[in-house]
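Input: a single structure, listed below in structure tokens.
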There are 2 protein chains.
Amino acid sequence: MSENAEQAMVFVVDDDESMRDSIRLLLESEHLKTSTFSCALDFMQSCTPRQGGCLLLDVRMPGMSGMELLETLKASGILLPVIMISGHGDVPMAVRALKHGAFDFIQKPFNSRELLERIHAALELDQKNRRQNSENEQRRSLFMALTDREMEVVDLVVAGNPSKIIAKSLGISPKTVDIHRANIMRKLDVHTVAEIVQLRLSVRDA
Amino acid sequence: MSENAEQAMVFVVDDDESMRDSIRLLLESEHLKTSTFSCALDFMQSCTPRQGGCLLLDVRMPGMSGMELLETLKASGILLPVIMISGHGDVPMAVRALKHGAFDFIQKPFNSRELLERIHAALELDQKNRRQNSENEQRRSLFMALTDREMEVVDLVVAGNPSKIIAKSLGISPKTVDIHRANIMRKLDVHTVAEIVQLRLSVRDA
DNA sequence: ACCTCCCTAGGTGTTTATACCTATTGGAAT
DNA sequence: ATTCCAATAGGTATAAACACCTAGGGAGGT
């Protein structure tokens, strides 16, 4: 766990340079890889979905606000846990941030130990998310090998139709359905219908 | 939708009588069924999981606080959406409430229109939750009809084992497994393995 | 032109699943 | 005791699924 935490990056986006520096100092004393940005746009340009870690985000910034960045990130599918940092005790802002999926919302001045504790929790969540996500991608890639026709057959099989019904439904011979089924079995590397259903349901969105 | 909203109950828990009265007045002017309580314990005693609706909950109260009640309710599986109401702009409190599953967190003094809008949103969520939950209960009740042995067979089938393997795994004859499978099919009212798997996966916790 | 891939489909045979039947054992309830 | 049900298991038969084989037509790329 600590090995992966060292590969993870803590991103810091804050327009206040002294704040960036003091956070960087704190994080590096904990051996956390740190990357700082002075505005939202800079972060967005250098941010890749593959990089794991978490994001410390100042709410109030000139240009794009932290809140806007948070909402942009969530909308664009970036799953990085975001810890919002606010200088002013603004309850509606905190509620809005959490409703938009922020991992946490803390106020300045903050306690160093508390911040670190929340960062570690965020990193742990991110790691868990990424593990799940990579398993999901592995399963999805199996379905990528299927042709359109085979996917049609998969969904009809998963829905509980026997080959005869599938054949009628697609207007083809039951024999051809069996051929498709065999190819599906081989490509998905499964041997029973139950496994097909499990696999298909575990990648709901495909 | 509005018919169901009228069957729903808006619970109000607040130690301040004038606040309870003014909220009740506001809600009843919107034809919302309202039930008020002056403390957390009173609410807990009269609260049943079956009653749909939402809960307006004052954070600061003598005795059990609103925050404690929120956490107690969530821990005991009450799925009522909770709108926390706070007199003091306390960010950590808001964060804690939302992290514990509160639907919203608003501050006094609040705008009547906004409160009503959030209540309606909460009632809608509750209705959606209850619809999902009742479908889930219907499915679960199907599995209740199965014997322990049949459940074992179900899980082995869902895992993708053919009858022969299941028989070896349970130390019984393949013939007996087939009997169990037939009984399972009949009791669950399905006709294919795919349907068993779908049904079983849709009630994960059973 | 040739190769590759996909969809199509038939033949044959094996394995698995499902649908009926009967039957014994044991436990729990009446 | 008798009745009911769960669990066990065998027989027989049909249906479905799966595993091999062959093979033609069409689309796309080299």
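Order of the sequence lines sets the chain letters (A, B, ...), proteins ahead of strands, with each chain counted from 1.
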Less than 3.5 Å apart, any donor N or O on the side chain of A:Asn183 or A:Arg186 sitting next to an acceptor on the other? yes
Round to a whole Å and report the spacing from CG of B:Asn183 to C1' of C:dA17. 15 Å
Nearest whole angstrom, please: distance from the C1' of C:dA17 to the CD1 of B:Ile196. 11 Å
Within this structure, what is the CG-to-P distance between B:Leu170 and D:dT8, rounded to whole angstrom? 8 Å
Compare side-chain N and O positions of A:His191 against OP1 and OP2 of D:dA17 and report whether any pair is under 4.0 Å apart. no
Salt bridge or not for B:Asp104 and A:Lys99, using N-O below 4.0 Å? yes
Using only side-chain N and O atoms of A:Ser163, determine if any of them is under 4.0 Å from OP1 or OP2 of D:dA17. yes
How many Å lie between CG on A:Leu146 and C1' on C:dC5, as a whole number? 15 Å
Between B:Lys164 and C:dT15, is there a side-chain N or O to OP1/OP2 distance below 4.0 Å? no
Among the nucleotides C:dT16, D:dG11, D:dA9, whichever has the atom closest to the side chain of B:Lys175 is D:dG11
Whole-Å distance between C:dA17 P and B:Asn161 CG? 10 Å
Want to settle it: does A:Ala145 or B:Ile179 sit nearer the 5' end of DNA chain C, counting the closest nucleotide to each? A:Ala145
For the atom pair CZ (B:Arg149) and CD1 (B:Ile179), what is the distance rounded to the nearest 0.5 Å? 14.0 Å
Kindly point out which of D:dA9, C:dT8, C:dT18 is positioned nearest to the side chain of B:Met185? C:dT18
Counting the atoms with a prime plus P, OP1 and OP2 as sugar-phosphate, which does B:Asp178 contact under 4.0 Å by heavy atoms, base, sugar-phosphate, or nothing? base
Does B:Arg186 make a side-chain N or O approach to OP1 or OP2 of C:dT18 shorter than 4.0 Å? no
Does B:Arg118 come within less than 4.0 Å of B:Glu114, counting only side-chain N to carboxylate O? yes
Taking C:dC6, C:dT18, C:dA9 as options, the one with an atom nearest any side-chain atom of A:Ile172 is C:dA9
Check this one for me: any side-chain N or O of A:Arg181 less than 4.0 Å away from OP1 or OP2 of D:dA19? no
Touch check for A:Thr176, heavy atoms < 4.0 angstrom, all strands: base, sugar-phosphate only, or nothing? base
To the side chain of A:Thr147, which of C:dT8, D:dA17, C:dC6 is closest? C:dC6
Short N-O contact, B:Arg139 and B:Glu135, less than 4.0 angstrom: yes
Rounded to the nearest 0.5 Å, what separates atom CE in B:Met84 from atom CE in B:Met67? 4.5 Å
Which residue lies more 5' along DNA chain D, comparing B:Lys187 with B:Gly171 via nearest heavy atoms: B:Lys187
Check the distance between D:dC18's C1' and A:Ile184's CD1 and give it to me in whole angstrom. 13 Å
For atom CD of B:Glu150 and atom C1' of D:dA6, their distance in whole Å: 8 Å
Provide, to the nearest angstrom, the distance between the CD atom belonging to A:Glu152 and the C1' atom belonging to C:dT8. 14 Å
